[in-house]
K.L.:
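One structure, pasted below without further comment.
Chain naming here is simple, since letters A, B, ... match the order of the sequence lines and numbering starts at 1 in each.
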Amino acid sequence: QLSRRLGMLFKKIRGQARLSEANVADAVKEVRTALLEADVHLSVTRAFTEEVRMKALGADVLYSIRPADAFVKIVHDSLVKFLGGAVFPIRLDRRPSVLLLMGLQGSGKTTTAAKLAAFFLAQQKSSLLVTLDRSRPAASEQLEKLAKKAGVRFLKTQADAPSSAKTAVAEAERQNVPVVILDSAGRTEVDPAVFAELRAVRDAVPVEKKILVIDAMTGQVAVNVAKGFADEVGVDGVILTKFDSDTRGGAALSVYHLLRAPILFVGEGEALNRLAPFHPDRMAGRILG
Amino acid sequence: GAFRSKVPEEILVELEDRLILADAGPSTAAAVIEEIRGRKPASPEDVQAALKEILRSRFLMNGLPQFSPVPPTVWFLLGTNGSGKTTTAAKLAARYKSEGKRAALVAADTFRAAAIEQLQIWAGRAGVPVFAMQEGAHPSAVIFDALSDKEIRGADLVIVDTAGRLHTKTSLIEELAKMSKSCDKCAPSSLAERLLVLDGTAGQNALAQAKAFHDALHLTGLIVTKLDASAKAGFLVSIGEQLPNVPVKWAGTGETLDALSPFDADAFVEGLIG
Ligand SMILES: Nc1nc2c(ncn2[C@@H]2O[C@H](COP(=O)(O)OP(=O)(O)OP(=O)(O)O)[C@@H](O)[C@H]2O)c(=O)[nH]1
Ligand SMILES: Nc1nc2c(ncn2[C@@H]2O[C@H](COP(=O)(O)OP(=O)(O)OP(=O)(O)O)[C@@H](O)[C@H]2O)c(=O)[nH]1
Ligand SMILES: [Mg+2]
Ligand SMILES: [Mg+2]
């Protein structure tokens, strides 16, 4: 899509010896539109296009034999940079490693909790799954069934979030389970009071990774959501879900640009084996189209 | 003369930004601003009025709920994973029950873990009957058996909750078409609404979802959820323009049974540019 539009644009100016500032301005406009259509936040789009514009006005592009290719490469490399620049495999150093999953309603936390357990099990690491969600009907049953499917233990609890977290960590220590995955209730960042529960959990047990789970099709509010969770609780890593849809996933750029917390995984389906490490270069290709 | 003081371009640029930030999308935002410019507004008030009118004109179709000539009326709720279908199904049932109608629910999501249990708990809270079979049953079979069930047939309104699905998964979309046929077989002309439930926090993909689901199933309306979050759901403007025959009928504004209201286009436009 974007790469094709850029190709068509540069085709028109192939006769010229070099790119002009006006040519670059036109190409940057295409990039801007593509990013906004991909749901990249307006402020992040501006930062991105400005960086691309500055690089594209550099001599090595303007005097390049194939300015179109040089420009596309700048866009591609900038996308990779804006997405974290590298693959960040999740590193767990504590024992037990406590992961707290949080995010908006319906973003995929419960499913992702079970997927993470399946991922670690494939690395010979067992997990204990717990839900801190006492408000959603059948939340406990949902995670319990998924835990069974993943082949990991589920801890049934009735207590409030920090107490359940404490019980889970104690149980993991007793049973020598290396990973504890805490699934929390969906919440919106609009009312800061809802974060008190997550802070209480963070203060009650040594949470190694506070992970923000975000739907890949989230729009401009991705920045508000990321900011809310980061300011009120703290975010150590991000997981993007429902990447198997045809959404471009611009929320990934917005969230990384704001938080600089690594995008650890992408969810690419409902099945428990559909969790893959996040590759910025593949994502850049997806946005370029 | 009257137009000596032109409206500063800055107001229009700022408005375009606000529309983009509200998820209206860059081309819709640009088109709306261009339309305002074309009317040569003379003051900020002119701009405001033009903007309101242009946005409001995208929602002209009357979004009234549709009922079948003879009960039971059947409504299907469908849409992307996690958009709020199950919760909305319960909200709709509770609403009509409180208006004196006999409402019932059908748990046709036989795929996702504890989907049936989730709807059963909601049905209990709403005080309405719910028809369910075992997890893994064929959703078309669930619909057929539900509409053969005496208690369900006796209802005025039957709301069918379906499994979340991506519009890009052809086999899952075909499954919905089969469920629709199953409903027609068992209770002809009872399927009065096929409602797409859209997550209010979504970006431009919502437009792709609406088009794809409409192409495949001929939707009768949209439901937008999670408007209590900071999302503005500006994609509804593009959808209103491109799918004028698929009006937004309901808006979800929270996680409780009462957090549902008929879609109010005027209030929506106010919120969008407010
Ligand atoms: N296609 C697809 N569906 C997914 C993915 N991840 C989760 N889902 C689905 O998205 C829906 C919501 O997932 P949940 O795990 O219940 O989401 P949640 O964040 O726990 O929801 P709440 O607890 O209500 O906030 C379910 O239908 C999942 O099967 C994914 O990567 N791809
Ligand atoms: N804040 C808010 N949350 C909502 C609203 N509607 C639904 N939710 C929440 O969103 C989450 C997902 O809702 P569900 O009803 O399970 O969504 P679904 O579309 O049935 O999900 P799947 O069946 O997994 O595809 C739950 O936590 C709901 O409480 C709403 O209007 N506002
Ligand atoms: Mg959950
Ligand atoms: Mg559901």
K.L.:
For the CD atom on B/Q242, are there more than 12 heavy atoms of other groups (residues, nucleotides or ligands in this structure) within a distance under 6.0 Å?
P.N.:
yes

K.L.:
Hey, what do you get for CD1 (B/I20) to CG (A/L36), rounding to the nearest 0.5 Å?
P.N.:
5.0 Å

K.L.:
Please flag which part of B/E255 lies under 4.5 Å from any non-hydrogen atom of chain A: side chain, backbone, both or neither.
P.N.:
side chain

K.L.:
Got a sec: does the NZ of B/K97 have more than 12 other heavy atoms crowding it under 6.0 Å?
P.N.:
no

K.L.:
Within the supplied structure, the quantity of interest is the number of heavy atoms (other residues, nucleotides, ligands) at a distance under 6.0 Å from B/R125 CZ; does it exceed 12?
P.N.:
yes

K.L.:
Between A/G108, A/G219, A/S245, which shows the greatest number of heavy-atom pairs under 4.5 Å with chain B?
P.N.:
A/G219

K.L.:
Would you mind reporting whether B/T201 and A/D215 have side-chain heavy atoms less than 4.5 Å apart?
P.N.:
no

K.L.:
Would you mind checking which part of A/D246 comes under 4.5 Å of any heavy atom in chain B, side chain (CB onward), backbone (N, CA, C, O), both or neither?
P.N.:
both

K.L.:
I need the B/R165 CZ to A/E270 CD distance, nearest 0.5 Å.
P.N.:
9.5 Å

K.L.:
Would you call A/L42 and B/D17 a side-chain contact if the rule is heavy atoms closer than 4.5 Å?
P.N.:
yes

K.L.:
When rounded to the nearest 0.5 angstrom, what distance separates CD in A/E141 from CD1 in B/I121?
P.N.:
5.5 Å

K.L.:
Top residue by heavy-atom pair count (under 4.5 Å) with chain A, among B/G203, B/A229, B/S27, B/G84?
P.N.:
B/G203

K.L.:
Just how far is it from atom CD of A/Q220 to atom NZ of B/K232, taken to the nearest 0.5 Å?
P.N.:
11.5 Å

K.L.:
Quick check for you: among A/G186, A/G106, A/G228, A/S107, which has the greatest number of heavy-atom pairs under 4.5 Å with chain B?
P.N.:
A/G106

K.L.:
Heavy-atom distance under 4.5 Å to chain B: side chain of A/R32, backbone, both or neither?
P.N.:
side chain

K.L.:
Name the region of B/T168, side chain, backbone, both or neither, that has any atom closer than 4.5 Å to a heavy atom of chain A.
P.N.:
side chain

K.L.:
Who passes salt bridge (charged side-chain N to carboxylate O under 4.0 Å, His left out) against B/K226, sequence neighbours left out?
P.N.:
B/D199

K.L.:
Given that the side chain runs from C-beta out, which part of B/F111 has a heavy atom under 4.5 Å from chain A: side chain, backbone, both or neither?
P.N.:
side chain

K.L.:
Does a sphere of radius 6.0 Å around CZ in A/R5 hold more than 12 heavy atoms from other residues, nucleotides or ligands, not counting ones at 6.0 Å or beyond?
P.N.:
yes

K.L.:
Counting heavy-atom pairs under 4.5 Å to chain B, which of A/T33, A/T247, A/T188 comes out on top?
P.N.:
A/T247

K.L.:
With a 4.5 angstrom heavy-atom cut-off, is it the side chain or the backbone of A/D244 that approaches chain B, or both, or neither?
P.N.:
both

K.L.:
Identify the residues of residues 128-138 of chain A whose heavy atoms come closer than 4.5 Å to a heavy atom of chain B, ordered by number, or report 'none'.
P.N.:
A/S135, A/R136, A/P137, A/A138

K.L.:
When heavy-atom pairs shorter than 4.5 Å are enumerated against chain A, which of B/A231, B/A22, B/A113 gives the highest number?
P.N.:
B/A113

K.L.:
Chain B heavy atoms under 4.5 Å from A/E144: which part of the residue, side chain, backbone, both or neither?
P.N.:
neither

K.L.:
Tell me, side chain or backbone of A/L104 under 4.5 Å from chain B's heavy atoms, or both, or neither?
P.N.:
side chain

K.L.:
Mind listing the closest non-hydrogen atom pair of B/N205 and A/M217 along with its distance?
P.N.:
CB-CB, 4.1 Å

K.L.:
So which part of B/T87 gets closer than 4.5 Å to some heavy atom of chain A, the side chain, the backbone, both or neither?
P.N.:
neither

K.L.:
Is any side-chain N of the basic residue among B/E117 and A/K145 closer than 4.0 Å to the acidic one's carboxylate O?
P.N.:
yes

K.L.:
Out of B/K169, B/Q209, B/R112, which one racks up the most heavy-atom pairs below 4.5 Å with chain A?
P.N.:
B/R112

K.L.:
Would you say that A/H41 contacts B/L21 through its side chain, given a criterion of any heavy-atom pair below 4.5 Å between the two side chains?
P.N.:
yes

